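Structure record follows, encoded as structure tokens.
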Amino acid sequence: MTRLSLVVPCYNEAEVISQFHDALRRELAATGQTYEIVYVDDGSADGTLVALVKLAAEDETVRYLSFSRNFGKEAAMLAGLRYASGDAVIIMDADLQHPPELIGRMLELYERGFDQVIARRSRVGDPATRTFFARAYYWLINKWADVELVDGVGDFRLLSRRAVNGLLELGEYNRFSKGLFAWIGFESILFEYENVPQTDRKSRWTFRRLLEYGLDGLLSFNNRPLRLAIYVGLLLTAVAAGYAVWVIAVAILHGVEMPGYVTLIAAITGLGGLQMVMLGVIGEYIGRIYYETKQRPHYLLKETNLNPAEHPATQNDRSRRAT
Ligand code: UDP
Ligand code: MG
């Protein structure tokens with residue numbers, strides 16, 4: 001028998017949480033496995049914690065952790081994975097966008113020996129422009145990053161114990177989890193499900209957030225942007241040297257002409273812009289180093305119903321790094 005843990009990050013989900021919990025429990029009962037549900041309240045402001053405390057009072061399979069403020073979904077998933085004790089862990093959203101009906105299928109594939117069973121959503125119901133940009137982005141990032149990222153794949157997945165342990169060894173502060181999941185490897189299998197559009201509220205993925213997330217993906221996995229800066233620099237130096245030789249040759253053969261004002265301005269602004277971009281890239285990496293060296297915890301716990309004797313770490317939860 002598999003001991004299953006569900007990890008559910010919740011941020012302002014008070015309205016749907018009990019509906020979600022009922023649906024989840026129905027599916028879990030159908031699988032016949034023992035389970036626990038670890039809800040992580042990511043500093044919600046709408047009574048999500050109250051709802052979780054209530055659920056925990058009614059259902060002894062419910063564990064909850066509550067953060068002192070909103071630390072983001074990545075931190076919530078990390079906390080959930082840390083405190084999940086099952087042989088297999090399923091990460092799910094609380095807003096019913098990840099259908100609990102798929103749990104049975106995930107378990108089947110897990111029992112066949114896969115360490116990561118990954119649910120891939122179709123892009124049904126997404127705006128065409130968004131689909132186009134997503135496709136283009138994944139094409140680019142897979143040419144670029146050291147890990148392979150798949151379009152439509154998110155955090156909805158089942159992880160075996162060794163996969164979870166692998167993830168927990170990655171202590172970085174900047175957690176680009178799509179990449180981390182790919183980085184750990186292990187036997188993985190994808191299966192597709194139909195996209196459930198976000199209904200209750202606007203998606204938190206504004207254009208700007210998507211752009212920032214996209215840049216994160218490009219910068220999180222290697223230092224290729226810095227390499228690119230070197231190559232562009234070398235190329236420009238070569239072009240400038242060639243141009244200088246040409247100007248000198250023309251001056252010797254035909255005498256000195258008035259230099260072109262437009263050429264000069266274009267070169268100055270163009271090069272200035274390029275330098276700013278390169279500085280920005282370097283700055284991004286330094287910024288990351290800055291955050292990592294602070295060694296701040298990923299989150300602070302405010303409240304939990306986990307037994308401190310079984311989970312001594314809850315009393316003084318701090319992310320540490322092996323040296
Ligand atoms: N979430 C979270 N912390 C946040 C934002 C979101 O724990 O700061 C949770 C949220 O409650 C939900 C999941 O992460 O269970 C996905 O969030 P959302 O539906 O807003 O994102 P999307 O479906 O657009 O990816
Ligand atoms: Mg959602």
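Only a predicted model underlies this, so the values are computations on that prediction, with no experimental measurement involved. Values below: all heavy atoms of this structure, side chains included; hydrogens, waters and symmetry mates excluded. Atoms within a ligand are numbered from 1 in the order they appear, just like the ligands themselves.
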(message) Just to be sure I read this right, does ligand 1 sit under 4.0 Å from the backbone of D42, its side chain, both, or neither, counting only heavy atoms?
(response) side chain
(message) For N/O/S atoms only: which one belongs to D95 and is nearest the Mg ion (ligand 2)?
(response) OD2
(request) Considering the heavy atoms of C10, write down every atom of ligand 1 situated less than 4.0 Å from one of them. (result) 7 (O), 11 (O)
(message) I need the atoms of ligand 1 closer than 4.0 Å to a non-hydrogen atom of A94, numbered in the order shown.
(response) 15 (O)
(request) Report the part of N70 (side chain from C-beta onward, or backbone N, CA, C, O) that has a heavy atom under 4.0 Å from ligand 1; answer both or neither where that applies. (result) side chain
(request) With heavy atoms of E13 as the reference, note each atom of ligand 1 found under 4.0 Å away. (result) 10 (C), 11 (O), 12 (C), 15 (O)
(request) Specify side chain, backbone, both or neither for K73, according to which of its non-hydrogen atoms lie closer than 4.0 Å to ligand 1. (result) both
(message) Classify the ring geometry of Y213 against F176: parallel below 30°, tilted from 30° to 60°, perpendicular beyond 60°.
(response) tilted
(request) Determine yes or no for a side-chain-to-main-chain donor-acceptor pair under 3.5 angstrom, with S5 supplying the side chain and R3 the backbone. (result) no
(request) Can you establish whether the number of heavy atoms outside Y285 located under 6.0 Å from its atom OH is more than 12? (result) yes
(request) Establish, from distance only, whether the side-chain atoms of E13 and S44 form a donor-acceptor pair under 3.5 Å. (result) no
(request) Look at the rings of Y299 and F67 and say which category their plane angle falls in: under 30° parallel, 30 to 60° tilted, over 60° perpendicular. (result) parallel
(message) If only side-chain N and O atoms count, and only distance matters, is there a donor-acceptor pair under 3.5 Å linking R161 with N165?
(response) yes
(request) Before signing off on this row, confirm whether P9 and ligand 1 have an N or O atom pair separated by under 3.5 Å. (result) yes
